[in-house]
Chemist: 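One structure, as structure tokens, below. Some questions next.
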Amino acid sequence: MKELWDIYKKGIILENPIFVLALSLCPALAVTSSVINALTMGLTVLFVITANNVSVSLIRNLVNPKVRVPVYIVSIATIVTVVQLLLQAYFPLLYKALGIYLALVVVFAIILARAEVFASKNNVIRSFCDGLGMGSGFAIAMVIIGAFREIIGSGTFLGFNVMPASYEAPLLLILPAGGFILIGYLVGGWRMLAQYIEKSKA
Amino acid sequence: MTARQHDEKNNSIFKIASNLAMACFVSGIIIAGVYFITADAAAQKAADLKNTAMKVLVQDADKFDPVEGHEGWFKAEKDGKTIAYVVPSESKGYGGTIKLLVAVTSDGKVLNYDITAHNETPGLGDKANQDPFKSQFKGKKAENLKVVKDPSDKENIQAMTGATISSRAVTNGVKKAVEEVVELTGGK
């Protein structure tokens with residue numbers, strides 16, 4: 001149990017996909033201009049990465065190592081397409097809100113990276129925990145970035161005004177460039193947090 | 001079996017190809033199966049969604065009928081009388097085509113609109129589908145559908161901060177729809 005918890009935990013802080021591994025930065029910029037978008041995207045990725053880790057782990061002994069990457073991509077694409085079809089049929093509004101970003105999940109580096117680095121070498125339960133941990137880390141990072149950008153850039157949080165009416169929101173944070181600068185600072189902050197945790201362990 | 005032997009045994013191009021083909025085949029079956037199960041529900045939801053979208057645009061209407069001779073046009077009826085037209089329109093925005101669904105009253109006033117597809121900048125141009133920008137359009141006629149940057153001008157449409165091109169594009173799209181409806185009804 002302790003071991004599985006450790007696998008889960010490392011994805012959130014010490015190996016956070018965005019702040020430490022620096023993977024999937026592009027979507028982190030594209031959909032984080034508001035908290036709700038960031039959260040929806042984070043949860044979608046959480047689901048896809050977990051499902052894909054399980055499926056890759058299940059088929060890991062059947063796949064020829066020479067074509068493993070195409071096979072993993074096929075697996076991710078299948079999962080995303082199934083999610084898309086299900087959303088379309090049962091939650092059309094959510095489907096509309098996610099728009100083209102949903103299809104983009106297929107090429108998220110973090111999902112392929114976890115399949116290659118972890119799920120292809122570990123059993124199903126461990127891979128499941130890894131996917132869950134990495135997905136949670138991704139979702140948490142997305143929400144943090146989204147919260148900063150929405151509060152400072154638009155003066156709202158989840159659509160509600162949180163700043164005084166006279167607040168003139170700087171455009172920069174809403175634009176991708178501002179998002180990049182913000183992520184830079186957050187990466188720095190995250191490093192300090194990770195160092196502190198490691199020090200307190202020692 | 002050593003790693004080397006394992007490698008040689010699996011190295012033939014046929015084995016590699018069949019492995020990948022197998023993966024694609026399984027994936028195809030799964031997707032086809034899910035599609036088969038969800039297709040009906042999806043079509044049903046899409047139709048519902050379209051009706052709800054039109055209902056939001058013309059709240060008083062109790063029935064929507066297609067207009068003959070105009071692809072995608074609907075007339076909104078209340079107690080058998082046509083009160084408004086729901087017209088698709090499009091316009092060139094900052095990030096590509098913006099598609100709109102515009103509700104226009106028979107005498108050529110904007111009732112409401114909805115952006116159905118767009119690629120505008122998130123956080124700036126995509127606010128065109130929200131108040132306060134959107135609420136400016138209600139009741140305006142074609143001649144007042146013009147973008148201005150003077151905050152005291154209430155006759156025309158105020159541009160959104162940082163998204164003048166998107167503001168203009170949406171306004172032009174709405175204007176085009178209004179003009180088309182006026183052409184059909186003669187503005188009565």
Side-chain angles (χ1 to χ4, degrees), chain A residues 29-34 37-38 55-56 59 61-97 99-101 146 149-150 152-154 156 159 168-176 178-179, chain B residues 3 6-7 9-50 52-53 95-96 114-127 129-131 160-163:
Chain A
L29 290 173
V31 294
T32 51
S33 60
S34 73
N37 283 357
S55 110
V56 165
I59 58 169
N61 293 325
L62 302 172
V63 177
N64 189 310
K66 293 232 149 134
V67 285
R68 62 183 194 286
V69 171
V71 171
Y72 298 161
I73 300 261
V74 169
S75 161
I76 300 169
T78 311
I79 293 168
V80 171
T81 314
V82 167
V83 169
Q84 221 167 356
L85 287 172
L86 290 176
L87 283 181
Q88 218 170 0
Y90 304 111
F91 306 99
L93 286 176
L94 196 57
Y95 174 75
K96 208 180 151 195
I100 58 162
Y101 299 124
R149 288 182 75 184
E150 192 179 336
I152 303 174
S154 308
T156 58
E168 290 263 350
L171 273 184
L172 180 66
L173 266 171
I174 286 298
L175 298 172
Chain B
H6 181 83
D7 210 35
K9 193 180 143 226
N10 285 305
N11 235 351
S12 88
I13 190 78
F14 178 74
K15 282 221 158 140
I16 294 173
S18 65
N19 199 302
L20 186 54
M22 198 59 208
C24 294
F25 182 71
V26 172
S27 144
I29 289 185
I30 295 174
I31 293 177
V34 174
Y35 180 77
F36 183 74
I37 299 169
T38 61
D40 287 343
Q44 176 68 34
K45 285 274 170 160
D48 282 359
L49 204 63
K50 180 136 201 209
T52 328
D114 187 35
I115 296 177
T116 50
H118 76 88
N119 273 318
E120 300 309 288
T121 319
L124 289 175
D126 64 352
K127 285 190 181 152
N129 210 15
Q130 299 163 10
D131 290 340
M160 292 176 284
T161 319

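All figures in this text were calculated on a predicted structure; none of them were measured in a lab. Side chains included, hydrogens not; waters and symmetry mates left out as well; all remaining heavy atoms used. In the text below, chain A, chain B and the rest are named by the order of the sequence lines, each starting its count at 1.
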Chemist: Taking side chain as everything from C-beta outward and backbone as N, CA, C, O, which of these in A/Tyr95 sits under 4.5 Å from a heavy atom of chain B? Side chain, backbone, both or neither.
Modeler: neither
Chemist: Can you tell me how far CD of A/Gln88 sits from OH of B/Tyr35, rounded to the nearest 0.5 angstrom?
Modeler: 8.5 Å
Chemist: Measure the CD1-OG1 distance between B/Ile29 and A/Thr78 for me, rounded to the nearest 0.5 Å.
Modeler: 11.5 Å
Chemist: Out of curiosity, B/Cys24 SG to A/Ile73 CD1, how far, rounded to the nearest 0.5 Å?
Modeler: 11.5 Å
Chemist: Side chain, backbone, both or neither: which part of A/Ser34 has an atom under 4.5 Å from a heavy atom of chain B?
Modeler: neither
Chemist: Please classify the contact between A/Leu62 and chain B as side chain, backbone, both or neither, with a heavy-atom cut-off of under 4.5 Å.
Modeler: backbone
Chemist: Looking only at heavy atoms, which two atoms of B/Ile31 and A/Leu85 are closest? And how far apart?
Modeler: O-CD1, 4.0 Å
Chemist: How many angstroms lie between atom CZ of A/Arg68 and atom CG of B/Asn19, to the nearest 0.5 angstrom?
Modeler: 12.5 Å
Chemist: Working to the nearest 0.5 Å, report the span between CG of B/Leu20 and NZ of A/Lys66.
Modeler: 14.0 Å
Chemist: Taking all heavy atoms of B/Ala23 and all of A/Val74, pick out the closest pair and write down the distance.
Modeler: O-CG1, 3.9 Å
